[in-house]
Amino acid sequence: MDDYGVDLDEIGGVIERAEVLVVRFQVVQRRILVDFRTSVDAGPLARAVAPASSAEERFRSLKALRPSLPLPERIMSFLWPRSVGAMADAGVLDRIRDRLLRIDAEVGGELDSAFGELLGEEHATLVAAIRGGEGFQTLWEREPS
């Protein structure tokens, strides 16, 4: 365990072993889906995706997203317990990117795009929480002047 509240070596092992990886976050609902598999017709894939209500739903959505590939035996996942940005600070994003780049240099941009989407969603959620936006309740307000 380190300052991030996770075992970074274990996460690195998951990244290296996974055929398909889903990274879940505390604040944002969407996830990063990384499919490291390739075929003649398809390279690896990295996307921001909606949460699935079950493993079966995730497999169905993956099949719809990647119809030319067979279903993987399993989809590996981990919960990142800190902010989205802290995943980059801890080097986890680089580990995913490095593995993708070993397979196909072009997919790194997909990962950066997905990560940027989630950073934006997290920022919007935090602003809504501070301002008492939809889904949040303000505990105290400044007195009108």
Side-chain angles (χ1 to χ4, degrees), residues 1-139 141:
M1 202 72 70
D2 66 6
D3 292 342
Y4 294 96
V6 295
D7 185 336
L8 291 176
D9 290 333
E10 179 64 27
I11 286 177
V14 169
I15 292 166
E16 288 303 316
R17 290 188 310 271
E19 285 184 286
V20 178
L21 174 67
V22 175
V23 182
R24 298 172 289 128
F25 298 92
Q26 291 281 26
V27 175
V28 295
Q29 290 296 307
R30 292 200 312 154
R31 285 89 163 88
I32 291 181
L33 169 73
V34 183
D35 189 342
F36 295 103
R37 300 171 304 145
T38 62
S39 71
V40 174
D41 301 327
L45 174 126
R47 291 248 171 97
V49 297
S53 61
S54 66
E56 292 79 16
E57 182 183 339
R58 177 61 67 208
F59 278 98
R60 279 194 305 274
S61 69
L62 184 60
K63 186 62 179 171
L65 195 59
R66 312 270 283 165
S68 67
L69 293 174
L71 287 175
E73 285 190 35
R74 68 178 178 254
I75 296 173
M76 298 179 83
S77 176
F78 66 85
L79 173 66
W80 181 252
R82 300 281 187 240
S83 71
V84 174
M87 190 173 104
D89 296 342
V92 174
L93 186 67
D94 286 339
R95 291 185 86 156
I96 296 170
R97 183 183 297 106
D98 290 347
R99 179 157 180 222
L100 284 169
L101 292 176
R102 289 193 308 262
I103 301 167
D104 182 347
E106 294 180 19
V107 79
E110 284 184 7
L111 178 64
D112 292 338
S113 177
F115 189 75
E117 286 177 37
L118 296 185
L119 277 173
E121 287 178 25
E122 182 178 61
H123 177 76
T125 300
L126 293 175
V127 168
I130 292 167
R131 294 185 175 166
E134 185 176 334
F136 296 96
Q137 182 179 10
T138 302
L139 297 177
E141 294 183 20

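- We find the CE-CD distance between Met76 and Glu19 to be 10.0 Å, quoted to the nearest 0.5 Å.
- Residue Ala48 comes nearest to Glu117 through the heavy atom pair CB-OE1, 3.6 Å, listed as atom of the first residue, atom of the second, then distance.
- Within a 6.0 Å sphere centred on CZ of Arg17, other residues, nucleotides and ligands contribute more than 12 heavy atoms.
- In this structure, the side chains of Phe78 and Val23 come closer than 4.5 Å at one or more pairs of heavy atoms.
- Summarising the geometry of Ala90 relative to Trp80, their closest heavy-atom pair is CB-CH2, 3.7 Å, with the distance given to 0.1 Å.
- When all heavy atoms are compared, the tightest approach of Gly85 to Leu119 is N-CD2, 3.6 Å.
- A search for side chain to side chain donor-acceptor pair (under 3.5 Å) contacts involving Arg24 returns Ser77, not counting sequence neighbours.
- The minimum heavy-atom distance between Arg82 and Ala86, with the atom names listed, is CB-CB, 3.8 Å.
- Inter-residue side-chain proximity for Val92 and Ile15 is flagged as met; some heavy-atom pair is nearer than 4.5 Å.
- Considering CD1 of Ile96 and CG of Leu101, their distance stands at 11.5 Å, rounded to 0.5 Å.
- Counting heavy atoms from C-beta on, the side chains of Pro72 and Phe59 come closer than 4.5 Å.
- With a 4.5 Å cut-off on side-chain heavy atoms, Leu111 and Ile32 count as touching.
- Distance check: Ser83 OG to His123 NE2 gives 13.0 Å after rounding to the nearest 0.5 Å.
- At least one donor-acceptor pair under 3.5 Å links the side chain of Lys63 to the backbone N or O of Leu69.
- Here the side chain of Thr125 pairs a donor or acceptor atom with the backbone of Glu121 at under 3.5 angstrom.
- For residues 32-44, the side-chain hydrogen bond (donor to acceptor under 3.5 Å, both in side chains) pairs, not counting sequence neighbours, are Asp35-Arg37, Asp35-Arg66.
- In plain terms, the two heavy atoms of Phe115 and Met87 that are nearest each other are CE1-CE, 4.2 Å.
- With hydrogens and angles ignored, the 3.5 Å screen pairs a side-chain donor or acceptor of Arg31 with a backbone N or O of Gln29.
- Taking a cutoff of 4.0 Å between a charged side-chain nitrogen and a carboxylate oxygen, Arg97 and Asp94 qualify as a salt bridge.
- Listed for the Glu122 side chain is a donor-acceptor partner under 3.5 Å among the backbone atoms of Val84.
- Atom CD of Glu110 sits about 8.0 Å away from atom OG of Ser113, to the nearest 0.5 Å.
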